[in-house]
Every structure is written in structure tokens, then in C-alpha cells.
Protein chains: 2
Amino acid sequence: MALGTDYAQQDCSLARALEVVGERWSLLILRDAFYGVRRFNDFLVHLDIPRAVLTTRLTAFTEAGVLRKAAYQQSPPRYDYLLTDAGLELWPVVHGLALWGGRHATPGGPLRTFHHERCGTRLDAAGGCGRCGVHQVPPADVEMRSHYGPQGPERDDPISAVLAERRLLLRPVRATT
Amino acid sequence: MALGTDYAQQDCSLARALEVVGERWSLLILRDAFYGVRRFNDFLVHLDIPRAVLTTRLTAFTEAGVLRKAAYQQSPPRYDYLLTDAGLELWPVVHGLALWGGRHATPGGPLRTFHHERCGTRLDAAGGCGRCGVHQVPPADVEMRSHYGPQGPERDDPISAVLAERRLLLRPVRATT
DNA sequence: CTGCTCGGTTCAGTGAATGAACTCTCGATG
DNA sequence: CATCGAGAGTTCATTCACTGAACCGAGCAG
């Protein structure tokens with residue numbers, strides 16, 4: 001898509017935000033991070049994204065303070081990419097877009113829905129739980145549920161298989177240690 | 001949508017949403033629409049965007065049902081671009097991103113803040129008003145306030161001048177009829 | 001007739017995304 | 001020791017969207 005990179009002429013907070021998360025693939029990478037994807041290769045197979053682009057985005061996110069690297073083994077050095085606090089605060093945006101896309105851009109309705117884990121109520125447009133009166137359900141308390149047709153997910157990579165199940169956000173897709 | 005601008009392999013509502021609003025300039029155009037910008041030329045001077053891109057985006061938004069054209073004169077035919085109901089539902093996303101950008105990507109803090117018109121309280125991360133207990137303040141009830149340094153806005157186009165004032169969202173930047 | 005505004009279209013040049021091939025380190029296997 | 005494979009990249013030619021400047025055309029205004 002060649003989404004350029006900056007919006008220098010715009011003195012607006014939204015423009016600043018888009019310089020961080022507005023490039024092609026950026027929000028899908030962060031969505032996967034909320035889903036519990038943490039490793040380079042897992043992002044790669046789940047997103048079908050060129051490796052060079054993934055490298056660029058992960059590096060940029062790390063520099064912007066949206067993700068941070070955490071070593072999961074020493075040699076060779078290998079890192080998990082985890083959401084920082086600033087990254088976690090993007091949950092309302094990710095959820096809002098997914099909700100809107102499910103309502104207005106997905107022929108057949110949403111493929112995934114997000115619920116308050118405690119009570120099962122679907123999150124509202126504000127990301128809150130109407131039943132419990134929770135204004136903003138933190139991502140760690142959100143359960144994702146998939147709604148595929150009879151033939152299951154369209155993708156067949158192992159990450160998609162894991163994510164097809166009902167699970168909490170942020171829970172690692174790999175061996176929960 | 002043209003080649004390269006989609007995320008065909010991703011069966012996810014977020015991907016569908018990004019195909020509509022995820023291209024370069026898209027969300028800034030919609031932000032302006034929330035600010036009351038309605039005409040081709042007003043978007044153009046305020047965004048400093050190539051005319052061809054603006055044409056492409058406005059047409060795509062219209063086809064996607066996010067904006068609609070409304071004639072404001074007959075000859076030559078001229079149209080306002082207005083948010084549809086689906087477009088208005090993107091407010092939580094636009095607000096969420098602007099809020100996040102003000103917090104985490106704008107050195108010096110947010111340049112604009114959004115408040116519940118009735119009570120002046122700043123909207124929370126969910127887009128609600130804590131004081132009034134309104135879960136989601138609709139954009140028409142939101143007041144935007146600018147916070148520039150001593151020398152005012154950096155841009156000097158007429159649209160920026162209008163938007164520097166305290167005003168309700170969706171109120172047309174032209175002749176308040 | 002001339003100039004001006006508004007809302008475009010056209011087009012050459014640029015630069016980001018793409019995808020395939022290659023690299024490097026290390027642990028495990030034989 | 002030699003080889004293999006996993007993980008995480010880098011390199012590079014090609015493609016394609018964005019950029020910006022020039023051009024176009026309808027309808028006023030003087």
C-alpha cells in the first residue's frame with residue numbers, strides 16, 4: 001500500500017498516533033499481540049506478511065514504546081514481543097475497529113466477538129460491560145470467541161487453530177509456561 | 001478495492017475495517033468530517049493531501065457507506081461529504097486514537113481535547129462522561145477544545161483557524177446556516 | 001471576453017510493500 | 001565431525017500506491 005510514514009503538517013494527536021500505528025499491517029500486528037502472539041515467526045505465519053515489513057514494524061513499535069522485547073532464551077538470543085502499558089492502552093482502538101468492521105464491513109457478521117470473562121456479556125461499543133457496570137474492561141479480562149462457518153477457519157496455520165478456541169486475551173499462544 | 005490495499009488472507013473483522021479506513025489519510029479525512037469539514041477543497045487545504053488521493057478516498061468512503069454526498073448547489077453540481085450513521089459509529093475509534101496519541105505520542109500533551117458539552121468533563125478512554133454517567137457521549141454532544149502554545153496553530157489555512165475555537169463536533173465549518 | 005472558484009483528472013517520479021533467496025547462530029542428530 | 005533444522009532476521013529486484021505539479025471544464029462575476 002505504501003502508506004507513507006508521517007503526517008508532519010498535521011498538528012494533531014491523531015496524526016501522531018497514526019505515525020505509530022497507522023502504517024499497513026501495524027494494527028493487525030498489535031491485534032495479534034493482544035491475542036497472545038509473541039514471537040517473530042508466529043506473527044509471520046499468522047499474518048502472511050513479508051519478513052522485512054514485520055522486522056520494520058516490530059522495531060518501530062519497540063522504539064515507540066508500544067512493544068518491548070523480552071528474552072525467552074539466551075543463546076541464540078531470542079525475544080518475545082510483548083505489549084507495554086502504552087500498547088495495552090490501544091485496546092479500545094483495536095476493539096472499536098474490530099467491532100465496527102464486524103458491523104459494517106463483514107458480510108455475514110463478526111468472525112470474532114469479545115466478552116467480559118466474568119459474566120460472558122459481549123463488550124459494548126465503549127469496551128465496557130453493560131451487565132457488570134464495568135466502564136472499560138481491561139484486555140486481560142476479555143474473552144474472545146470465534147464464530148466460523150461449518151468448515152472452520154479459512155487459514156490453516158497453527159496459530160489460527162489456537163485462536164479459533166475460546167480464550168482470554170493476552171494469554172500466550174504457546175505453552176503457558 | 002484495488003490490488004495491494006486489502007488484507008484478503010485475514011479472516012478478521014479488524015482486517016475488514018482496515019480495508020475501509022486503514023489506508024493513508026483515511027482516518028484524518030474522517031477526523032475532519034467529525035470536525036465539520038464537508039467540502040473537497042476544505043479537506044484539501046486543511047490536510048495538505050494530493051488531490052488525487054483525496055478523490056480516491058472520498059469515492060471509496062462513499063461506496064463503503066461511511067460518507068454520503070449531499071448536493072449543496074445544483075449548477076455546477078457540488079457536494080458536501082457527510083458522515084453516514086456507519087461513519088458516525090467510527091467516533092469511538094477516532095477519539096480513542098486521538099486520546100492515545102495525545103498521551104503517548106505527542107511531546108507536550110494533547111493539542112485538542114474532547115469534552116461532554118453539557119458539563120465540560122473531558123471524555124474518558126471509553127468515550128463516556130464520568131460525571132454524567134453517560135456511557136458513550138454521541139459525537140454531536142462533544143465539544144472540542146484546542147490547546148496551542150502562545151503562537152497559535154502551526155497551520156494558517158482558514159479551516160485551521162475555525163477549528164482552533166471551542167466548538168461542537170459535526171458543526172459545519174462554513175456558514176452555520 | 002477574461003479571470004476566478006470549485007472539483008476534479010492525468011501523469012511522471014518516488015518510495016514503501018512484496019516475496020523469494022540468502023545468512024547467521026545455535027542445538028540436536030548420527 | 002558433518003549435517004540438519006529452527007528461529008530470526010537481511011538483501012534485493014519488482015510492483016504498486018502515494019506525491020505534486022500541471023491541466024481540464026463548468027459556471028459565475030466583472
Side-chain angles (χ1 to χ4, degrees), chain A residues 1-10 15 18-19 22-29 32 37-62 67 69-82 157-159 172-175, chain B residues 1-10 15 18-19 21-29 32 37-62 67 69-82 157-159 173-175:
Chain A
M1 186 185 324
L3 278 175
T5 52
D6 59 23
Y7 301 92
Q9 303 315 311
Q10 289 291 314
L18 288 174
E19 286 172 357
E23 289 165 297
R24 184 157 159 80
W25 297 111
S26 290
L27 280 170
L28 288 178
I29 292 170
D32 273 16
V37 178
R38 297 176 159 200
R39 295 191 185 177
F40 188 92
N41 256 339
D42 292 342
F43 285 108
L44 199 68
V45 301
H46 188 232
L47 290 171
D48 265 341
I49 176 182
R51 310 170 85 87
V53 175
L54 183 58
T55 304
T56 307
R57 294 289 177 278
L58 290 175
T59 305
F61 281 150
T62 306
L67 297 181
K69 291 166 76 168
Y72 68 84
Q73 72 177 33
Q74 296 307 324
S75 82
R78 292 288 183 260
Y79 301 93
D80 277 329
Y81 291 90
L82 305 177
D157 59 278
I159 304 297
V173 290
R174 288 175 176 274
Chain B
M1 197 171 269
L3 246 153
T5 60
D6 60 19
Y7 301 91
Q9 303 315 310
Q10 287 293 312
L18 288 174
E19 287 173 356
V21 302
E23 290 165 296
R24 185 155 159 80
W25 297 111
S26 290
L27 280 169
L28 289 178
I29 292 169
D32 273 17
V37 178
R38 299 176 159 199
R39 295 192 185 175
F40 188 91
N41 256 337
D42 291 343
F43 285 108
L44 199 69
V45 302
H46 188 232
L47 290 171
D48 265 341
I49 176 182
R51 310 170 83 87
V53 175
L54 183 57
T55 304
T56 306
R57 295 289 178 276
L58 290 176
T59 305
F61 281 150
T62 306
L67 296 181
K69 291 166 77 168
Y72 68 84
Q73 73 178 31
Q74 297 306 325
S75 82
R78 290 288 183 262
Y79 300 92
D80 276 330
Y81 292 90
L82 304 177
D157 60 277
I159 304 297
V173 292
R174 287 177 177 271

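Sequence lines set the chain letters: A, B, ... in the order given, protein chains first and strands last, and positions in each chain run from 1.
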In whole Å, I'd like the distance from the OH atom of A:Y79 to the P atom of D:dA6.
22 Å
Give me the one residue out of A:I159, A:L28, A:V173 that meets side-chain contact (heavy atoms from CB on, under 4.5 Å) with A:H46.
A:I159
Test for a donor-acceptor pair under 3.5 Å between the base of D:dA8 and the side chain of A:R51, counting only N and O atoms.
yes
Give the nucleotide from the list D:dC18, C:dG7, C:dT18 with an atom nearest to the side chain of A:R24.
C:dT18
Any N or O donor-acceptor pair under 3.5 Å from the base of D:dG7 to the side chain of A:R78?
yes
If you check every side-chain atom of A:R174, which of C:dA17, D:dG7, C:dG8 has the closest atom?
D:dG7
Between B:P76 and B:P50, who's closer to the 5' end of DNA chain D by nearest nucleotide?
B:P50
I want to confirm an ordering. Mapping B:N41 and B:A52 to their closest nucleotides on DNA chain C, which one lands closer to the 5' end?
B:N41
At their closest point, which heavy atom of A:W25 faces which heavy atom of A:D48, and how far apart are they?
CH2-O, 4.2 Å
Nearest-Å distance, CD (A:E23) to P (C:dT18)?
12 Å
Nearest-angstrom distance from the residue atom CD1 of B:I49 to C1' of D:dC18:
10 Å
In whole angstrom, give the distance that lies between atom CG of B:L54 and atom P of C:dC6.
14 Å
Nucleotide C:dG19, atom P - distance to CG of A:L44 in whole Å:
11 Å
Please report the distance, rounded to the nearest Å, between CZ in B:R39 and C1' in C:dG8.
15 Å
Just N and O in the side chain of A:W25: are any of them under 4.0 Å from OP1 or OP2 of C:dT18?
yes
Is there a side-chain contact between A:S75 and the phosphate of C:dG27, meaning an N or O under 4.0 Å from OP1 or OP2?
yes
At under 4.0 Å, does any side-chain N or O of B:Y72 touch on OP1 or OP2 of C:dG7?
yes
Are OP1 or OP2 of C:dG7 and a side-chain N or O of B:Y81 less than 4.0 angstrom apart?
no
Heavy-atom pair with the smallest gap, counting every atom of B:I49 and B:F43:
CG2-O, 4.3 Å
Rounded to whole angstroms, how far apart are CG on A:L28 and P on C:dA17?
14 Å
Is it possible for you to check whether A:R57 lies under 6.0 Å from the centre of the six-membered ring of A:Y81, through NZ or CZ, and within 45° of that ring's axis?
no
Closest heavy-atom contact between A:F40 and A:T55?
CE1-OG1, 3.5 Å
Rounded to whole angstroms, how far apart are CZ on B:R57 and C1' on C:dG8?
16 Å
